[in-house]
There are 2 protein chains.
Amino acid sequence: MEYEDLRIIDTPSLVRDHAISKLRNAISSGLYPPGARLVERELCEALGVSRTSVREALRQLQSENLVEVGRRRSINVAVITAQDAADIYMIREMLETQAIRRFVALSDDAERKALAAVHKRLVKALSKNDMAQLSAIASEFYERVLIGAKSRVIYEVARPLLARVNYLRIRSMAEPGRLDGGLKEWDAMMEAVQAGDADRAAEAMAVHLRNARAAIVARLEADEKTAIPAKRKAAS
Amino acid sequence: MEYEDLRIIDTPSLVRDHAISKLRNAISSGLYPPGARLVERELCEALGVSRTSVREALRQLQSENLVEVGRRRSINVAVITAQDAADIYMIREMLETQAIRRFVALSDDAERKALAAVHKRLVKALSKNDMAQLSAIASEFYERVLIGAKSRVIYEVARPLLARVNYLRIRSMAEPGRLDGGLKEWDAMMEAVQAGDADRAAEAMAVHLRNARAAIVARLEADEKTAIPAKRKAAS
DNA sequence: GCCTCTAGTTTGTATGACAATATTAGATGT
DNA sequence: ACATCTAATATTGTCATACAAACTAGAGGC
C-alpha cells in the first residue's frame with residue numbers, strides 16, 4: 001500500500017504520517033491482531049519516533065476506528081464482529097455503487113487506464129495465491145474507483161471503511177471458491193466500466209460486495225463460534 | 001449537545017475531549033467560520049490547555065473533516081462547498097433511511113419515548129425561531145435515531161456527517177418556508193415511527209433529507225456566486 | 001515603487017517531568 | 001500450597017520546553 005507516496009500534492013513526509021502508515025499496515029497484516037493492546041512506549045521503540053508522534057498517530061487511527069479505547073484507557077486494535085462486517089459491507093455497497101457510477105461518468109482516460117492496470121495486476125496476483133498482496137491490490141482498485149468518482153465526501157466516508165476490512169479480506173479470500181468468484185466479479189466490473197455502462201458497473205460492484213460480504217461474515221461467525229478468548233496479547 | 005455527559009461508561013473527563021467538544025461547538029456555531037485559520041497557540045490560550053492537547057484535538061477534528069490542512073500546513077476550518085453538501089446529504093439519505101428502519105425494528109420503548117420527547121422540543125423550539133437552538137435539537141433527533149438503530153458502524157459513519165452540516169443547517173433553516181416544511185416532515189417521520197411503519201418512516205426521512213439538501217445546496221450556491229473571498233480570517 | 005534580507009511566527013517533533021491509575025510481583029498470614 | 005494484601009513498577013494523560021524548518025512580514029537598500 002504505497003498510494004500515499006504517489007500523491008501529487010506533496011507533504012514532505014511527516015513522521016506522524018509515516019507512523020500512521022506503519023501502524024495501519026501492522027494492523028492490516030495481522031501483526032497486531034484484533035484485540036491486541038498497543039502500548040505507547042513499545043510503539044515508540046518499534047517505530048523509532050517520539051511519544052508525541054505516536055500519540056497523534058493513535059488519535060488518528062482511533063477516529064478511523066482501527067483502534068479503540070478499552071475501559072482502562074488502553075488502546076487496542078479494534079475487534080470487528082460479524083455484525084460490524086455486515087454493516088460495513090452494506091454501507092460499502094451503498095457508497096461504492098454510487099462511486100463506480102460516477103467513475104464511469106466522470107473519470108478521465110488516464111484514470112480508466114490506471115484502473116485497468118490495477119485490474120491486470122489483480123488478475124496476475126490471483127494466480128499466485130498471495131493473499132496479502134492480493135488484498136493490497138484490491139484495496140488499490142477500490143481506492144482508484146473512489147478517487148475517480150471525484151467526490152471528496154464519498155472518498156472521505158468510504159476510504160476508512162476500506163482500511164477496516166483490509167485485514168478481514170485477507171482471510172476471507174482464503175475461503176474456498178472465493179478467489180475464482182472474485183475474479184469473475186472483478187472482470188465484470190472492469191468490462192462494464194470500459195464499456196461506459198454505469199448501470200452494469202454498479203450492479204457488478206453490488207454483486208461483488210454482496211458476495212464478499214457473505215464470505216467475510218461467514219468466516220467471522222465461524223470464528224466467533226469457536227473461540228471467545230477473554231484476553232489477547234500483542235504479537236511478540 | 002450534552003449526550004457525551006450522559007454516557008454510562010465513565011471517562012473522567014479528559015482535557016482533550018473537552019477541547020474537542022469546545023472546538024466543535026465553536027465551529028458549529030460559526031465562531032470560527034469556514035476557512036478560518038486555527039493557530040495552535042491561540043487555541044491554547046482560548047481553551048487554557050497545553051499545545052499537546054490542542055494538537056491531539058486538532059488531529060481528531062481533522063479526521064472528522066471539520067478542519068483541513070491548508071497548503072502550507074496551516075489548519076483551517078473546513079469549507080463545505082455546494083457539491084460537498086449535496087454529497088453529504090445524499091449519503092445521509094442512504095444511511096439514515098437505513099438507520100430509521102432499524103430504529104423502528106430495534107429500538108426499545110424508552111428510546112422511542114426519548115425520540116418523541118426530542119420531537120416535542122423540536123416543535124416547541126420551532127415557534128421561537130431560534131435557529132442555533134433548533135439546529136442543536138435537530139442534531140439530537142438524528143443522533144437518537146442513529147443510536148436506536150443499534151449499529152456501531154452506521155453510527156460511526158453517519159455521526160461525523162451530522163457534525164459537518166450542523167453549521168450549515170442553522171443558515172439553511174432560515175430559508176423562507178423551510179421551517180414549516182421541516183416541521184411537517186418531522187411530524188410525518190415521528191408518526192410513522194410510532195406507528196411502527198418502517199417503510200413510511202424511511203420514506204419520510206428520505207423526503208426530509210432531500211428537501212433539506214435542496215435548501216442547503218441552494219443557499220450555498222447562492223453564497224458561492226456572490227462571494228469568492230481570497231482569504232478569510234478568524235473571528236476576532 | 002520594487003527587491004532582498006532579516007527577524008519573528010508557526011508547525012513538527014523530541015525530551016523530560018509528574019500525577020493518577022493500573023498492573024504485577026512479593027511478602028505475609030493461614 | 002494458597003489466598004490476600006501491599007509495595008514496586010508500568011502506563012496513560014497532561015504540561016512545559018526546546019529547537020529546526022518553513023513561512024511571513026517588515027526594514028532597509030536600490
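Sequence lines set the chain letters: A, B, ... in the order given, protein chains first and strands last, and positions in each chain run from 1. These figures come from a predicted structure and were not determined experimentally.
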State, without any angle test, whether Asp84(A) and Thr81(A) hold a side-chain donor-acceptor pair at a distance under 3.5 Å. yes
Before we go on, tell me: are the rings of Trp186(A) and His119(A) under 6.0 Å apart, centre to centre? no
Do you know which of Arg51(A), Arg16(A), Arg59(A) makes salt bridge (charged side-chain N to carboxylate O under 4.0 Å, His left out) with Glu56(B)? Arg59(A)
Rounded to whole Å, the CG-C1' distance (Leu14(B) to dT12(D)) equals 10 Å
Measure from CG on Leu43(A) to P on dA14(C) and round the result to the nearest Å. 14 Å
Check DNA chain C against residues 50-65 of chain B and give the residues with a non-hydrogen atom under 4.0 Å, in numerical order. Arg51(B), Arg55(B)
Length of the line joining Glu42(B):CD and dT10(C):P, which is rounded to integer Å: 7 Å
Specify the separation, in whole Å, of atom CD of Glu40(B) and atom C1' of dC15(D). 15 Å
Provide, to the nearest angstrom, the distance between the CZ atom belonging to Arg41(A) and the C1' atom belonging to dT15(C). 15 Å
Is Arg72(B) close enough to dC23(D) that one of its side-chain N or O atoms is under 4.0 Å from OP1 or OP2 there? no
Can you tell me if Arg112(A) and Ser107(A) form a side-chain donor-acceptor pair at under 3.5 Å? yes
Applying salt bridge (Lys or Arg N to Asp or Glu O under 4.0 Å), which residue pairs with at least one partner in residues 160-170 of chain B are found, sequence neighbours left out? Glu156(A)-Arg164(B)
Protein-nucleotide distance (Arg73(A), atom CZ; dA20(C), atom P), rounded to Å: 13 Å
Could you give the CG-to-C1' distance, from Asn76(B) to dT10(C), as a whole number of Å? 13 Å
Roughly how many Å is it from CD1 in Ile75(A) to C1' in dA10(D), rounded to a whole number? 16 Å
Side chain to side chain contact (heavy atoms under 4.5 Å, CB included) filter on Ala57(A), not counting sequence neighbours, yields Ala19(A), Ile20(A), Leu23(A)
